[in-house]
Amino acid sequence: QVQLVESGGGSVHPGGSLRLACAASGFEDAEYAVGWFRQVPGKERERISCVGRPWGKITYANFMEGRFTIQNDDAASMVYLQLNDLGPEDTGLYFCAAVDDWGHSCAALRDNDYDFWGQGTQVTVSS
């Protein structure tokens with residue numbers, strides 16, 4: 001069974017940075033994808049970035065501005081999300097999600113394509 005556990009959230013001042021971590025394990029297929037999302041108060045859930053493994057090759061897709069960077073560490077079964085230059089508008093709950101047996105670019109995945117979701121980690125940006 002796929003398990004996803006996020007960590008690394010917290011409270012920072014505007015302009016600060018955080019590195020979120022997603023411990024992703026239990027995949028049955030070598031071709032799987034992991035994505036990062038966020039739920040900001042008053043807005044719909046947003047895709048941030050994803051990493052996939054079509055044909056065994058690691059590929060990335062980014063859906064938001066360049067302040068956020070996804071990083072993958074297969075050896076540690078971790079997917080990280082580096083958040084830089086944070087502002088109050090970035091306050092929200094950040095999730096990682098995964099789909100097993102996905103042999104295509106993760107850019108093609110939509111929210112409802114992801115089968116597994118973590119509990120989320122809270123990011124709060126305030127003065």
Side-chain angles (χ1 to χ4, degrees):
Q1 180 72 11
V2 174
Q3 291 188 324
L4 303 169
V5 180
E6 303 95 336
S7 62
S11 296
V12 297
H13 295 303
S17 298
L18 286 171
R19 190 189 193 203
L20 308 183
C22 173
S25 62
F27 296 102
E28 295 184 352
D29 196 278
E31 293 182 326
Y32 61 91
V34 176
W36 277 101
F37 296 78
R38 72 178 185 181
Q39 183 71 60
V40 174
K43 297 180 68 176
E44 293 186 355
R45 185 170 58 195
E46 301 174 276
R47 289 189 302 171
I48 300 173
S49 191
C50 65
V51 54
R53 293 158 180 76
W55 309 288
K57 179 181 178 181
I58 300 292
T59 61
Y60 299 95
N62 295 296
F63 308 103
M64 297 185 73
E65 56 193 304
R67 296 182 296 123
F68 302 160
T69 304
I70 192 169
Q71 300 164 325
N72 181 68
D73 185 345
D74 273 350
S77 299
M78 301 292 288
V79 180
Y80 300 98
L81 185 68
Q82 179 68 39
L83 309 176
N84 294 325
D85 193 22
L86 288 163
E89 69 279 8
D90 297 313
T91 293
L93 195 60
Y94 287 68
F95 301 88
C96 62
V99 56
D100 210 348
D101 188 19
W102 182 258
H104 310 282
S105 169
C106 66
L109 290 166
R110 295 296 179 261
D111 291 28
N112 58 5
D113 292 321
Y114 287 86
D115 299 313
F116 307 96
W117 292 81
Q119 295 297 309
T121 185
Q122 178 69 32
V123 172
T124 302
V125 186
S126 65
S127 302

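Worth saying up front: this structure is predicted, and the values here are computed from it rather than measured. Count residues from 1 along the sequence.
In this structure, the separation between CD1 on Ile48 and CZ on Phe95 is 10.5 Å, given to the nearest 0.5 Å. The structure places NE2 of His104 at 9.0 Å from CG of Leu109, a figure rounded to the nearest 0.5 Å. For the atom pair SG (Cys96) and CZ (Phe116), the distance works out to 12.5 Å, reported to the nearest 0.5 Å. To the nearest 0.5 Å, the span separating CZ on Arg19 from CG on Leu83 amounts to 11.0 Å. Here the OG1-CG distance, from Thr124 to Asp90, works out to 11.0 Å after rounding to the nearest 0.5 Å. One distance of note links CG of Asp115 with CG of Asp100; it measures 8.0 Å at 0.5 Å rounding.
Side-chain contact check for Leu20 versus Glu6: every heavy-atom pair is 4.5 Å or farther apart. The shortest side-chain heavy-atom distance between Ser127 and Pro14 falls under the 4.5 Å cut-off. Gln122 is listed as a side-chain neighbour of Thr91, based on a closest heavy-atom distance under 4.5 Å. Taking 4.5 Å as the limit, every side-chain heavy atom of Asp101 sits out of range of all side-chain heavy atoms of Glu28. Within the 4.5 Å cutoff, the side chain of Leu81 has no heavy atoms near those of the Arg38 side chain.
Between Ser49 and Ala61, the shortest heavy-atom distance links the atoms OG-O, 2.8 Å. Heavy-atom minimum distance, Leu4 versus Cys22: CD2-SG, 4.0 Å. Among all heavy-atom pairs drawn from Val99 and Asp113, the shortest one is CG2-O, 3.6 Å. Gln39 and Glu44 make their closest contact through NE2-C, 3.8 Å (heavy atoms, listed as atom of the first residue, atom of the second, distance). Nearest approach of Ala21 to Met78, heavy atoms of both residues: CB-CE, 3.5 Å. When all heavy atoms of Trp36 and Ile70 are compared, the pair lying nearest together is CD1-CD1, 3.9 Å.
Note on Tyr80 and Tyr94: separate hydrophobic clusters, where clusters join Ile, Leu, Val, Met, Phe, Trp and Tyr whose side-chain heavy atoms are under 4.5 Å apart, directly or indirectly. Residue Val34 is not grouped with residue Phe63 when hydrophobic side chains (ILVMFWY) are merged at heavy-atom distances under 4.5 angstrom, including chains of intermediate members. A continuous path of hydrophobic side-chain contacts links Met64 to Val125 [ILVMFWY only; heavy atoms under 4.5 Å]. Hydrophobic clustering keeps Val2 apart from Tyr114 (ILVMFWY residues linked when any side-chain heavy atoms are closer than 4.5 Å, directly or through intermediates). When the side chains of ILVMFWY residues are joined at heavy-atom separations under 4.5 Å, either directly or via intervening members, Phe27 and Ile58 end up in a single hydrophobic cluster.
Note: Trp117 and Phe37 meet the aromatic proximity criterion, with ring centroids under 6.0 Å apart.
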Report task. For side chain to side chain contact (heavy atoms under 4.5 Å, CB included), just list the numbers for Glu46 and Val40, CA-CA rounded to whole Å, side-chain angles, deciding distance to a tenth of an Å, and then say yes or no. Result -> CA-CA 8 Å; Glu46 301 174 276; Val40 174; 3.9 Å; yes
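Donor-acceptor pairing under 3.5 Å is recorded for the side chains of Asn84 and Gln82.
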